[in-house]
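Below is one structure, written out as structure tokens, with a few remarks after it.
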Amino acid sequence: MVAAGKTLGLTEVKLMVKSKKYWLMKSEPGAFSIDDLIKSPGGITCWDGVRNYQARNIMRDEMKKGDRVLFYHSGKNPSVVGLAEVVREGYPDHTAWDENSVHPDPKSTPEKPIWYMVDIRLETKFEKPIPLKELRNVKGLENMVLLKKGMRLSVQPVAKKEFDIVLSLAKGA
DNA sequence: GCCAACGTTGGC
DNA sequence: GCCAACGTTGGC
């Protein structure tokens with residue numbers, strides 16, 4: 001961290017730009033599951049259909065190539081099921097102006113897009129999913145956005161420390 | 001299926 | 001700008 005008011009040095013700026021960030025993306029497996037991602041060409045998919053401004057802002061402005069993503073299944077047996085990587089940064093979600101898409105929004109146009117998405121590529125599908133109820137008991141995850149009451153964000157930040165803990169759980173540590 | 005907690009919409 | 005009504009998310 002840099003103290004408030006202090007001018008950033010070039011090294012620090014480079015570090016900030018280069019340092020990876022960590023995210024969690026939710027999906028209803030009935031809509032799009034990690035197995036669907038595996039079947040996608042190159043293991044890559046665009047994360048279309050997000051119609052929430054906070055989640056959009058994260059995808060449009062904050063997610064960068066190389067950032068790592070926890071893939072989460074919501075619904076039945078909610079759990080973190082795998083790991084992915086951002087391979088394309090925010091660009092307009094063209095499904096918004098496709099009236100036949102699952103989440104059309106007539107207010108969004110190619111000229112003035114409202115909704116944005118990123119592309120992610122599968123890295124790993126965990127051998128064993130990590131259930132939400134297990135995460136609730138893990139020391140160090142107390143402040144994880146996913147576990148906060150009422151937090152419904154479908155694209156959310158994860159602290160590096162939290163990310164590392166979740167990964168260690170996946171490896172059975 | 002229930003419902004709490006949000007987000008969005010639209011009248012005023 | 002307020003806020004009631006409505007829609008959605010998502011765990012349980």
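Throughout, protein chains are lettered first and strands after them, A, B, ... in sequence-line order, and every chain is numbered starting at 1. Computed over heavy atoms, backbone and side chain alike; hydrogens, waters and symmetry mates excluded.
- Helix bend of the helix from B:dG1-C:dC12 to B:dC12-C:dG1: the angle between its two end axes, each built from five pairs, comes to 10° after rounding to 10°.
- Each of A:Leu147, A:Leu167, A:Leu141 was evaluated against A:Glu162; a single residue qualifies, A:Leu141, per the side-chain contact (heavy atoms from CB on, under 4.5 Å) test.
- Here the P atom of nucleotide C:dG10 and the CG atom of A:Leu24 are 10 Å apart, to the nearest Å.
- With distances taken from any side-chain atom of A:Arg152 to the nucleotides B:dG7, B:dT9, C:dG11, the minimum falls on B:dG7.
- For A:Arg51 and C:dT8, the CZ to P distance is 13 Å, given to the nearest whole Å.
- Each of A:Ile38, A:Val69, A:Asp35, A:Thr45 was scored for a side-chain contact (heavy atoms from CB on, under 4.5 Å) with A:Leu122, with one residue passing: A:Ile38.
- Contact annotation: the side chain of A:Ser154 approaches that of A:Val50 to within less than 4.5 Å [non-hydrogen atoms, C-beta and beyond].
- Here B:dC6 presents its C1' atom at 10 Å from CG of A:Leu153, a figure rounded to the nearest Å.
- Taking only side-chain nitrogens and oxygens, A:Lys149 comes nearer than 4.0 Å to OP1 or OP2 of B:dA5.
- Here the C1' atom of nucleotide C:dT9 and the CE atom of A:Met25 are 17 Å apart, to the nearest Å.
- Nearest to the side chain of A:Gln54, among C:dG10, B:dG7, B:dA5, sits B:dG7.
- Per the geometry, CG belonging to A:Asp105 stands 18 Å off P belonging to B:dG7, to the nearest Å.
- Distances from the side chain of A:Lys26 to the nucleotides B:dT9, C:dG11, C:dG10 place C:dG10 closest.
- The two residues A:Asn52 and A:Trp115 have their closest heavy-atom pair at N-CZ3, 3.5 Å.
- Using a 4.0 Å cut-off between charged side-chain N and carboxylate O, A:Glu85 and A:Arg121 make a salt bridge.
- Of the listed nucleotides (B:dT9, B:dA5, C:dG11), C:dG11 has the atom at the smallest distance from the side chain of A:Arg136.
- Within the structure, a side-chain polar atom (N or O) of A:Tyr72 is placed less than 4.0 Å from OP1 or OP2 of C:dG11.
- Rounded to whole Å, atom P of B:dT8 lies 10 Å from atom NZ of A:Lys107.
- Between A:Tyr91 and A:Trp47, the gap from one ring centroid to the other reaches at least 6.0 Å.
- Look at CG on A:Leu135: it is 14 Å from C1' on C:dG11, rounded to the nearest Å.
- Pairing each heavy atom of A:Glu89 with each of A:Lys65, the nearest pair is OE2-N, 2.9 Å.
- Distance, A:Gln156 CD to B:dG7 C1': 16 Å, rounded to whole Å.
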